[in-house]
Amino acid sequence: MKRITLEATDENILEAIKTDALNRASDICSFIEALDDIEGNMFISLDAGWGEGKTFFVRQVETTLEYLTKRTWEAEDKNEKFNEMEPYFENSKLNSIDLQKSYLPIYYNAWLYDNHNDPLMSLVFEIIRKSEFYFDIKISDQVGNPIEELLSALSINAGPVSFSLQGIKEMKGTDILQSVRMAEEIRDIVKKILDEAIIEKAQRLVIFIDELDRCRPNYAIEMLERIKHYFDDERIIFVVSVNKAQLVHTISNCYGYGFDSTGYLNKFFDLNAHLPLLTEDNKRDLHIHIYNSEQRLLMMVINDLIDYYKLSLRDVLIFKQRMEKISMNVANGFSQEGKCLSLFIPIITVLDITNQEEKKKFINGNSRILETICRQVPAIRRMLKGFIRVGVNEDAFEIALRELIKIYEYIFKESDNEVSSDYIGAMSSDLKRICINACNGFKE
């Protein structure tokens, strides 16, 4: 079985489409149908917090648009890429979408080009590269001429990016004032590239700008200004996936906190959309390889800690993937040691994701958070009620909680004081090492 992992690789995107593991199929359908209804040029912001799955969502939209365009508009000329994609879409809800237009989708990770002087150049290169791959053609010498013009017009260091396009021998930048006297000339060159390299094969161009809120303030602002100025074309839709609150903060850093950053940002977008948040049930249901019944306690603790800490999608994936590696011999429900480690290991792991200072205290035996978590996390409350045997009139939870805290201090606190407990005597003195190794992904 394949896992849905955090990295938005082509393979993971297709797997997510096939299984709808993120429960996004309906949202993707709605978004694509809305795009297909747009007439003319449109700039859309897709807003969501960090770690809520923006990249995964737009990559699924991009892949679906590519597949549907090939299925509908190139029915007699399907290539190898289409044949590879088709099995992932066969039983997907996304396969039922009927496009009114053909699309060339372009995914542009702004952060990868953050070290460049001019975002326009890297975006143009990304369009050329995708159009060549997407249509399985070589860019002609005629198309190379305006690209060379653009290279001469803009002063930019191409960095590690290389392109094997006909008509381009080397990338050299010159002072823009020496080659281009008016911004309109640059716009004309960009339009030539769009006309000659793209439009013959697609009716609309959809450009997804991602990770803009991670870029340098100057680069992020210049990117918005460039695309608004040079891509005002009826055939183009821009979708900028962004943490809007963070981008407003970025603009304020650049222009000062007395500046109307929100108003300035809004002038770039014709439509502001919000990515629907995954429900807590969706996050809990993400695939994880823990099947053994003896690890049911571990599974329940993991899921309840996700709720308790309100983890983002990114953090849920990180948390669960780290928990997949926990051996049944370490965390289980048939021994007191196994039960304790089924609590301590996920607690340390989730603290590693959310609160490094508290994690350090926990490992050193100085944390007070264990009692708070035990009282507020349902799975742990249920477990503690049956943790030890008590009398009929005794409060099982409170007694078990005190016992668990003794065990915690015995395992993690470096002290020469002996701890009195009927249960501690039967436990390994090496549990701290076992626990930390498990959290680090090491096998016992």
Side-chain angles (χ1 to χ4, degrees), residues 13 28 31-46 55 57-74 77 79 81-82 85 97-110 112-113 119-140 142-144 146-147 150 163 165 186-212 223-242 268-271 273:
I13 294 301
I28 294 168
F31 193 82
I32 289 177
E33 288 167 356
L35 289 178
D36 206 30
D37 284 337
I38 292 173
E39 298 295 338
N41 190 227
M42 181 74 73
F43 289 79
I44 303 169
S45 71
L46 181 63
T55 296
F57 181 80
V58 297
R59 286 295 323 277
Q60 287 184 86
V61 173
E62 173 212 8
T63 302
T64 303
L65 282 173
E66 182 174 346
Y67 169 79
L68 293 174
T69 293
K70 285 188 172 295
R71 186 200 68 184
T72 305
W73 298 87
E74 301 176 30
D77 190 28
N79 61 15
K81 178 68 180 296
F82 176 85
M85 297 167 70
I97 301 173
D98 290 320
L99 293 181
Q100 303 173 51
K101 311 176 189 75
S102 60
Y103 293 89
L104 175 61
I106 308 291
Y107 175 78
Y108 175 86
N109 185 332
L112 292 180
Y113 296 97
L120 177 61
M121 179 58 64
S122 56
L123 179 56
V124 168
F125 279 141
E126 201 64 53
I127 292 170
I128 294 168
R129 181 165 61 178
K130 180 62 181 287
S131 65
E132 182 184 32
F133 169 77
Y134 183 70
F135 298 120
D136 195 26
I137 61 172
K138 289 293 182 182
I139 304 300
S140 67
Q142 289 74 22
V143 179
I147 297 173
L150 189 57
F163 301 88
L165 300 175
I186 303 176
R187 183 186 287 110
D188 289 342
I189 294 170
V190 171
K191 187 175 184 302
K192 285 181 187 178
I193 293 170
L194 294 175
D195 287 342
E196 297 186 44
I198 299 169
I199 302 305
E200 289 185 5
K201 293 291 184 178
Q203 294 167 298
R204 304 299 302 274
L205 179 66
V206 182
I207 301 176
F208 300 93
I209 306 291
D210 195 20
E211 303 284 17
L212 196 62
M223 168 61 74
L224 291 173
E225 291 175 344
R226 287 293 205 182
I227 63 177
K228 193 70 171 179
H229 188 68
Y230 293 110
F231 288 85
D232 184 13
D233 187 303
E234 293 296 304
R235 303 162 297 183
I236 301 176
I237 299 171
F238 274 92
V239 178
V240 182
S241 53
V242 68
F268 291 104
F269 298 111
D270 304 303
L271 178 65

Could you check whether Glu66 and Tyr103, counting side-chain N and O atoms only, form a donor-acceptor pair closer than 3.5 Å?
no

Work out which heavy atom in Met85 is nearest to a heavy atom in Thr63; give both atom names and the distance.
CE-O, 3.4 Å

Would you check, one step at a time, whether the test side-chain contact (heavy atoms from CB on, under 4.5 Å) holds for Asp98 with Thr72?
CA-CA 8 Å; Asp98 290 320; Thr72 305; 5.7 Å; no

Over 60° means perpendicular and under 30° means parallel, so classify the ring planes of Phe57 and Phe31, tilted if in between.
perpendicular

What distance separates Ile44 CD1 from Leu35 CG, expressed to the nearest 0.5 Å?
5.5 Å

Rounded at 0.5 Å granularity, tell me how far CG in Leu104 sits from CD1 in Ile127.
8.5 Å

Over all atoms of both residues, closest heavy-atom pair of Ala202 and Ser102:
CA-OG, 3.5 Å

Drop me the distance from Leu120's CG to Ile227's CD1, to the nearest 0.5 angstrom.
10.5 Å

Out of curiosity, Ile209 CD1 to Ser45 OG, how far, rounded to the nearest 0.5 Å?
13.0 Å

Can Lys101 and Asp37 be said to form a salt bridge (charged side-chain N to carboxylate O under 4.0 Å, His left out), step by step?
CA-CA 9 Å; Lys101 311 176 189 75; Asp37 284 337; over 6 Å; no

Side chain to side chain contact (heavy atoms under 4.5 Å, CB included) partner of Phe208, the single match among Ile106, Ile237, Asn109, Val239:
Val239

To the nearest 0.5 Å, how far apart are CZ in Phe238 and CZ in Phe268?
12.5 Å

Any chance you could lay out the side-chain contact (heavy atoms from CB on, under 4.5 Å) test for Val206 and Ile236, step after step, and finish with the verdict?
CA-CA 6 Å; Val206 182; Ile236 301 176; over 6 Å; no

Quick one: are Ile32 and Leu99 in side-chain contact, heavy atoms under 4.5 Å?
yes

Please identify which of these residues, Phe231, Tyr230, Tyr113, meets the side chain to side chain contact (heavy atoms under 4.5 Å, CB included) condition with Leu123.
Phe231

Sidechain N-carboxylate O distance under 4.0 Å for Arg204, Glu39:
no

For Pro119 and Met223, work out which heavy atoms get closest and say how close.
CB-CE, 3.3 Å

Which atoms form the tightest heavy-atom contact between Gln203 and Gln100, and what is the distance?
OE1-O, 4.3 Å

Tell me whether the NZ or CZ atom of Arg59 lies within the 45° cone about the ring axis of Tyr107 and under 6.0 Å from its centre.
yes

Could you tell me the separation between the CG atom of Asp270 and the CG atom of Asn41, rounded to the nearest 0.5 Å?
7.0 Å

For a quick test of reading the model, state the closest non-hydrogen atom pair linking Ser241 to Asp210 and the distance between them.
OG-OD1, 2.7 Å

Kindly indicate whether the side chain of Leu205, heavy atoms from C-beta on, has any atom under 4.5 Å from the side chain of Arg235.
no

Would you please test Asp36 and Ile38 for side-chain contact (heavy atoms from CB on, under 4.5 Å) and show each step?
CA-CA 6 Å; Asp36 206 30; Ile38 292 173; over 6 Å; no

Closest approach of Pro105 to Glu62 (non-hydrogen atoms, all atoms of both residues)
CG-O, 3.4 Å

Do Leu46 and Val58 have side chains that approach each other closer than 4.5 Å (heavy atoms only, starting at C-beta)?
yes

Begin from the C-alpha positions of Val240 and Phe269 and carry the test side-chain contact (heavy atoms from CB on, under 4.5 Å) through to its verdict.
CA-CA 9 Å; Val240 182; Phe269 298 111; 3.7 Å; yes

